[in-house]
Amino acid sequence: MFKIADKKVLNSAVTSLTVEAPFIAKKAKAGQFVIVRIDEKGERIPLTVSDFDPETGTVTLVIQAVGFTTKKLSAMNKGDFLADVVGPLGLPTEFGSPKKAIVIGGGVGCAIAYPQAKALHNMGADVTVIAGFRSKDIVILEEEMKAVSDRLFITTDDGSYGEKGLVTDVLRRLLDDGGYDLVIAIGPVIMMKFVSLTSKPYGVKTLVSLNPIMIDGTGMCGGCRVRVGGETKFACVDGPDFDGHLVDFDELMRRNSLFREEEAHACRLEEKVNG
Amino acid sequence: MADMTPEKTKMPEQEPTVRNKNFYEVSLGYTAEMAVKEANRCLNCKNRPCVSGCPVNVQIPDFIALVAKGDFEGAYNVISKTNSLPAVCGRVCPQELQCEGKCVRGIKAESVGIGRLERFVADYHREHGEDIKVDIKPNGKKVAVIGAGPAGLTCAGDLARLGYSVTVFEAFHTAGGVLVYGIPEFRLPKKIVASEVEGLKKLGVNIMTDMVIGKVLTVEEIKEMGFEAIFIGSGAGLPMFMGIEGEDALGVYSANEFLTRINLMKAYLDGYDTPIKKTDSVAVVGGGNVAMDASRCAKRLGAKHVYIIYRRSEAEMPARREEVLHAKEEEIEFRFLCNPVRILTDENYRVTGIECIKMQLGEPDASGRRRPEKIEGSEFVIDVDSVIMALGTSPNPLLPNTSKDLAVSPRGCIVVDENMQTSIENVYAGGDSVSGAATVISAMGAGKRAAAAIDEKLSKK
């Protein structure tokens, strides 16, 4: 059993849970994920580690309430227990030694973009963060991202905060100025797709973090297979980070929709979850 | 004088048309009366060929003689001396290739139902028996076991009985390995696995779940924690795919994924959160026990048509004979001498069919089985909405990838010497992670030999 040591509500749909998991906290690196199961009847879902502290033995998970289990997780409180937290899984992000990096977060993806920016910042790289949201009321982690970046751009779809527009608008502007040697994008698949398409003509290395359907997280089920550069890869063991210029994003979007009907069914149990 | 009835005493089973709609156990087991009758068919012959066929050396004629006398607990004591998971073995061993395959009665008629008797004795003990008090003298030495499957659990049990303090690290949230994620409830009820695991805990074995070794701890770090020896029984969990067109379509699963959703995550039961797709017609590709399990699960989930697609003929099928028979009774449709060419999809990339080519058998290949060859121009389509790939599995590279000194073969199998020691001093391995995908019982045999080798080494220190 894994105790929830702290809970923060970041916005109406996004919650941060800090969980006591000393073995994992000691080993985790930026880019890795854990598999979480709430209780005996729960499903196993992958969540990227947003932060970790080997001193306190905790890992922080940021959850967007989009499906059955993420809604249930968001409704949990400090002092509650999770049945299982397994990890750290996947390969840590291989940053190389970039001098000038752009880190892009889309919505809840900022929770994962943040530790990436932090790691790059600590390596001494010049870090630009672009954080995209639908509107002002769902902006998360602004202060944290500011603290680990040399400059922070916030975009909103409706213009209610920061710049009106998409992260790719800012990205294109920056790449036109030149001098960047790494782009990292974490967010909705569609955003990662367009970030990769935008950066490709500039020839700047672009990493994306994928989060497909999986069960075990150790290479056993093959549910997370993705096409990368024409080869089938398992996101859980070969990723979750991949070269964005090689990922077949359209296939990934299709595969992620596999259980949408079953999910919709499960979501009707919402009253049970929140009640 | 032995009972010379030529056939085995029949074991009661659920009716095929009933059981292919539920997940309860197919075979219902002998009554005490049936067990005694079957035990009386044993000739108790001098040569005991059956024992030589048992990978864990169960003293078969001895336990059967006790069953014949009605001393079922006595029989259990004989079995459990060398077999730590008798209720499991009685159900899933390929007896026709092992003990029963060597039985003298099998020459002229049917062999003695050794598997059925073992199962009866283990079930009798679980339901009626008292815990056998094992006198364990702790020797103060710590051994770690990686993987709580058949190999790891057997190794852990044997070492615990010898007085070692044993910790088992398991990646999943439940101990049992393939016994819980792979083999379905209707063939091996999970409460039986749980009770075998409980038995090990009573011997003092400490089981730590949710520990993916290679990630959360490395082999080296486990050594540094004071474990004097390590046994790796991490199995062969990596699924193979064919590499054909359409294999990434929606509705194509590895058998591992399909079976794990059902067996470990209980997606077929109300109240469990893991989803599973209901399907109308399914093609299962492969001819082993895993293919039989996947097809029979699909049937139980309500599929109207379930096809087994196998590239050789029935005679070459590696599945346990009883499983093939059961699958046929349950209206699984076999398509022998066929091989998939591509998977057909609709505009949403969902599976609509599987295109196969007919095969014929040519000259024997390296495996001694006749090589299947394509019949050009014989392609045909089977309409299905799901495809399950049950082509076999290979050892998971997670551990070797993070333990650079651990030697593996080109096929990814961990290399061991004649004492089952790996390339790292005091680190042993056995089961599917060494042999590649094989049987539960051979993994148990390996766990047993490794436990003996570890004891030999550590007791000299």
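Treat the numbers as computed from the prediction; the structure is a model and nothing was measured. A, B, ... follow the sequence lines: proteins, then strands. Residue 1 opens every chain. Only heavy atoms go into these numbers, but all of them, side chains included; no hydrogens, no water, no symmetry mates.
For L217(B), the parts lying near chain A are the backbone and the side chain together; criterion is any non-hydrogen pair under 4.5 Å. Interface remark: T232(A) contributes side-chain atoms only to the contact with chain B (heavy atom separation under 4.5 Å). Only the backbone of V85(A) comes within less than 4.5 Å of a heavy atom in chain B; its side chain stays farther off. Residue N396(B) touches chain A through its side chain alone, counting heavy-atom pairs closer than 4.5 Å. The contact between N348(B) and chain A is made entirely by backbone atoms, counting heavy-atom distances below 4.5 Å. Neither the backbone nor the side chain of A28(A) comes within less than 4.5 Å of any heavy atom of chain B. Both the backbone and the side chain of T218(B) have a heavy atom closer than 4.5 Å to some heavy atom of chain A. Proximity to chain A is limited to the backbone of A249(B), based on heavy atoms less than 4.5 angstrom apart. Interface remark: L91(A) contributes backbone and side-chain atoms alike to the contact with chain B (heavy atom separation under 4.5 Å). For L238(B), the parts sitting under 4.5 Å from any heavy atom of chain A are the backbone and the side chain alike. Neither the backbone nor the side chain of M240(B) comes within contact range of chain A; no heavy atom of the residue lies under 4.5 Å from a heavy atom of that chain.
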Kindly indicate, with the supporting measurements, whether the criterion salt bridge (Lys or Arg N to Asp or Glu O under 4.0 Å) is fulfilled by R261(B) and E43(A). CA-CA 9 Å; R261(B) 283 182 187 278; E43(A) 62 178 332; 5.9 Å; no
side-chain contact (heavy atoms from CB on, under 4.5 Å) between D210(B) and F2(A): does it pass, once the steps are laid out? CA-CA 11 Å; D210(B) 293 338; F2(A) 298 78; 3.6 Å; yes
For a side-chain contact (heavy atoms from CB on, under 4.5 Å) check, start with the C-alpha distance between R44(A) and M265(B), then their side-chain angles and the critical distance, and finish with the verdict. CA-CA 8 Å; R44(A) 296 168 63 100; M265(B) 306 310 296; 3.5 Å; yes
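Closest approach of R227(A) and D248(B) over heavy atoms only: CD-OD2, 2.9 Å. Nearest heavy atom pair, residue G222(A) against residue P239(B), reads N-CG, 4.3 Å. Closest non-hydrogen pair, V216(B) versus P88(A), comes out as CA-CD, 4.0 Å.
The number of heavy-atom neighbours closer than 6.0 Å to NZ of K26(A), taken from other residues, nucleotides and ligands shown, is 12 or below.
The CE atom of M208(B) sits 4.0 Å away from the CZ atom of F23(A) when rounded to the nearest 0.5 Å. Annotation: the span from H173(B) atom NE2 to D216(A) atom CG amounts to 11.0 Å, rounded to 0.5 Å. In this structure, the separation between CZ on F172(B) and CG on D84(A) is 11.0 Å, given to the nearest 0.5 Å. In this structure, CG in D250(A) is found 11.0 Å from OH in Y349(B), a value given to the nearest 0.5 Å.
Remark: K304(B) engages D280(B) in a salt bridge (charged side-chain N to carboxylate O under 4.0 Å, His left out) (not counting sequence neighbours). Every salt bridge (charged side-chain N to carboxylate O under 4.0 Å, His left out) that R300(B) has, sequence neighbours left out, goes to E330(B).
R225(A) places a side-chain N or O within donor-acceptor distance of the main-chain N or O of E247(B), the cut-off being under 3.5 Å. Put simply, the side chain of K41(A) never gets that close to the backbone of D273(B): no donor and acceptor are under 3.5 Å apart. Side-chain N or O atoms of S254(B) include one that pairs as donor or acceptor with a backbone N or O of C221(A) at under 3.5 Å.
Within residues 47-58 of chain A, no residue has any heavy atom under 4.5 Å from a heavy atom of chain B.
Listed by first then second residue, pairs satisfying ring pair (Phe, Tyr, Trp, His ring centres under 6.0 Å) with a partner in residues 254-288 of chain B read F23(B)-Y268(B), not counting sequence neighbours.
When each of Q32(A), E251(A), R37(A), M214(A) is scored by its heavy-atom pairs under 4.5 Å with chain B, the top score falls to R37(A). With chain A as the partner, the residue from M389(B), M211(B), K215(B) showing the most heavy-atom pairs under 4.5 Å is K215(B). Taking T209(B), T260(B), V252(B) one by one and counting their heavy-atom pairs under 4.5 Å with chain A, the maximum is reached by V252(B).
Ion pairing of K266(B) with E40(A) is absent here, as no side-chain N (NZ or NE/NH1/NH2) approaches a carboxylate O to less than 4.0 Å.
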